[in-house]
Amino acid sequence: MTGAPARTLLLWCPDWPVLAAEIVDGVPATGPVAVLHANRVVACSERARAEGVRRGLRKREAQGRCPQLTVVDYDPGRDARAFEPVVAAVEELVAGVEVVRPGACAVAARGPSRYLGGEEAAAERIIEHVAQSCLVESQVGIADGVFAAGLAARSGRVVPPGGTPEFLAGLPVEALGRSALADLLRRLGVRSLGDFAALPAGDVLARFGFDGALAHRLAAGRDHRPLAVRQPPADLTVTAEQDEPIDRVDVAAFVARALAEQLHERLAGHGLACTRLGIEAVTEHGQELHRVWRHDGLLTAAAIADRVRWQLDGWLSGSSGRTGARPARPTAGIIRLRLIPDGVIAQAGLQAGLWGETGEERERAHRALSRVQGILGPEAVVTAVLGGGRSPADQVRLVPWGDERLPARPGPAPLPGGPIARPGPAPLPGGPSAGGGGRPVSAGRPADHSAGGVPPWPGRLPAPAPAVVLPSPLAATVHDAAGEAVVISARLAVSAPPARLVVGTGRPAEIVGWVGPWPVDERWWAPAEARRRARFQVCLADGTALLLAVEAGQWLVEAIYD
């Protein structure tokens, strides 16, 4: 930025982490309070400062100076949440607010000074409005640029236009907020911002690097960027008040459709589409009901109406409250229904394309499946989502059509690459070669590597994945050529090559190829949930390829390869 910095009005709330702890957690800010991060004080109350507590002190030293000190952990999320009402109060008077950090926000001073009667009058009006709306004390500083305005706010000053370099020149180098740089500058004999700003910019860059060059610009009264103002969010919520309480599903569905169309029109007016819908209902007795529906794509007016109808059906058709898995139905009819677009995105990103997967055929299929859901319910149409896991059953999750496609377990889907190199024959590419025989794997974990390193699910099977995963594994027995049962030792040694397989009470089948084991030792730290098993891929004489597992000495058929 080469031009002069814009006149900036910055509102600062002193000791904001302490005030946020009082607002959110109820810690009285009038007493001795210190907020600690990494065992050091980052903020303290006025009462604590009177007892000698200062920023940067260690916890033990601060408590030694003030034995009655109340210690609060630093929580930036808490500070930001508590500061949002203050920002909203400022936005009621002026537009284009930038949140510098929790406890400080800035606006361009030109607009407020014009319609509020000058810069000083604007500062007084904003301070008074924040105090009345949020019961929070604040100070305002006005100067050229955000950095200078922040320093002016600490003393409540209004720096005249063009006087920012002179105002900054007399401040110590610690005002930059860079302790390491300030310590180095003092050892070099540079004690004020004016002395630092007088140094050649090229020499500062060569000696102190880019951060030092940025601090040099700030010391000279030149901000490195303009204000990044935020736009107040539009109120997209729609509400329907009912004179007569609704206790029938058909009446609720009629109200839901009209409300869904109203919400869809409001979103379309802002060029937005809803991906997460909040449904709230209030009964005649004051009971509040709330549910959030997610959607992986564009929620049309019909889709919104369907989800509201499904949710109202679930609420109004609940159990009587005595027994049963269904939640109890409300004690009275619904008098207020509200739809909240909890997640929105730009609608242009979801427009149907001229060709490809987002074209007309995909939209037609989406409408057809949504229609089936509208008739039979959301669980009537499901789609598979691949995720992480060691077994084929763990890697697939069925979700209702249109819901957010999130995997049940983190991590990649089964490896898309080719077979994994290991002792014995290669893993089945639909079944090992006829007549092939595997040899036992040495003790330890079999190799399981992917391109780019070890995957996050050691012991998972390589590609290809089985075509059919049995909902309940089938019990089986495996024998060697001599008719003895094949067992796996604790060190993963196979007692003999598998030769015959019997599933349940069926006839024996000859095993012509096998590979394994892939050991899995899950949740060993929780004895009640621990599972230890080893998996094998086998090919039978009739061409069938199976996935077997042995657990606690019992052989199981888990899946079938195509």
Side-chain angles (χ1 to χ4, degrees), residues 10-51 53-60 62-63 65-94 97-107 126-141 150 153-154 156 177 228-237 276 278 280 282 286-292 338 340-343:
L10 188 140
L11 180 135
W12 172 61
C13 299
D15 307 326
W16 181 252
V18 177
L19 292 178
E22 181 182 41
I23 295 172
V24 177
D25 299 332
V27 179
T30 55
V33 181
V35 180
L36 269 67
H37 178 60
N39 204 41
R40 290 187 179 273
V41 177
V42 295
C44 57
S45 63
E46 184 178 356
R47 176 82 176 274
R49 281 193 296 273
E51 298 289 339
V53 179
R54 295 292 182 270
R55 292 179 59 183
L57 291 181
R58 293 186 178 274
K59 178 181 178 181
R60 179 169 296 182
Q63 290 177 330
R65 296 185 181 187
C66 180
Q68 301 82 19
L69 186 68
T70 301
V71 175
V72 179
D73 291 333
Y74 174 66
D75 185 355
R78 176 189 62 205
D79 298 349
R81 291 192 303 272
F83 192 58
E84 180 60 27
V86 177
V87 179
V90 175
E91 285 179 337
E92 293 177 0
L93 295 180
V94 297
V97 179
E98 174 190 320
V99 179
V100 180
R101 62 182 180 277
C105 61
V107 299
I126 292 174
I127 292 174
E128 181 182 2
H129 184 68
V130 169
Q132 293 177 351
S133 302
C134 308
L135 303 178
V136 171
E137 295 183 0
S138 59
Q139 297 178 194
V140 167
R154 296 182 178 275
V229 300
R230 77 171 194 171
Q231 296 295 329
D235 186 11
L236 303 174
T237 303
R276 193 166 60 248
E280 290 185 355
V282 179
Q287 182 181 2
E288 296 183 0
L289 307 172
H290 179 76
R291 186 73 66 217
V292 176
R338 178 180 299 171
I340 305 170
D342 195 36

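- Distance check, rounded to the nearest 0.5 Å: NE2 of His129 to CG of Leu93 gives 4.5 Å.
- Counting only distance, with no hydrogens or angles, the side chain of Arg54 and the backbone of Arg49 share a donor-acceptor pair below 3.5 Å.
- Note that CG of Leu57 is 11.5 Å distant from SG of Cys66, once rounded to the nearest 0.5 Å.
- A 6.0 Å sphere centred on CD of Glu92 holds more than 12 heavy atoms belonging to other residues, nucleotides or ligands.
- More than 12 non-hydrogen atoms from other residues, nucleotides or ligands lie less than 6.0 angstrom from NE2 of His290.
- Surrounding CG of Asp73 are at most 12 heavy atoms belonging to other residues, nucleotides or ligands under 6.0 Å away.
- Listed here is the closest heavy atom pair of Leu19 and Pro14: CD1-O, 3.6 Å.
- One finds the CD atom of Gln63 at 10.0 Å from the OG1 atom of Thr70 (value rounded to the nearest 0.5 Å).
- Considering only heavy atoms from C-beta on, Ile23 comes within 4.5 Å of Trp16 through its side chain.
- A distance-only check finds no donor-acceptor pair linking the side chain of Gln139 to the backbone of Trp12 [under 3.5 Å].
- Residues Pro17 and Asp79 meet the side-chain proximity criterion, which asks for heavy atoms closer than 4.5 Å.
- Side-chain contact between Asp15 and Val33 is absent, with no heavy-atom pair separated by less than 4.5 Å.
- Considering every non-hydrogen atom in both Phe83 and Cys13, the closest pair reads CE1-SG, 4.1 Å.
- The shortest heavy-atom contact between Val100 and Ala106 is CG2-CB, 4.0 Å.
- Side-chain atoms of Arg55 come within 3.5 Å of backbone N or O of Val42 as a donor-acceptor pair.
- In terms of heavy-atom proximity, Ala89 sits nearest to Cys134 at CB-SG, 3.9 Å.
- Taking the side chain as every heavy atom from C-beta outward, Pro32 and Val53 never approach each other to under 4.5 Å.
- Atom CD1 of residue Ile126 and atom CG of residue Leu10 lie 10.5 Å apart, to the nearest 0.5 angstrom.
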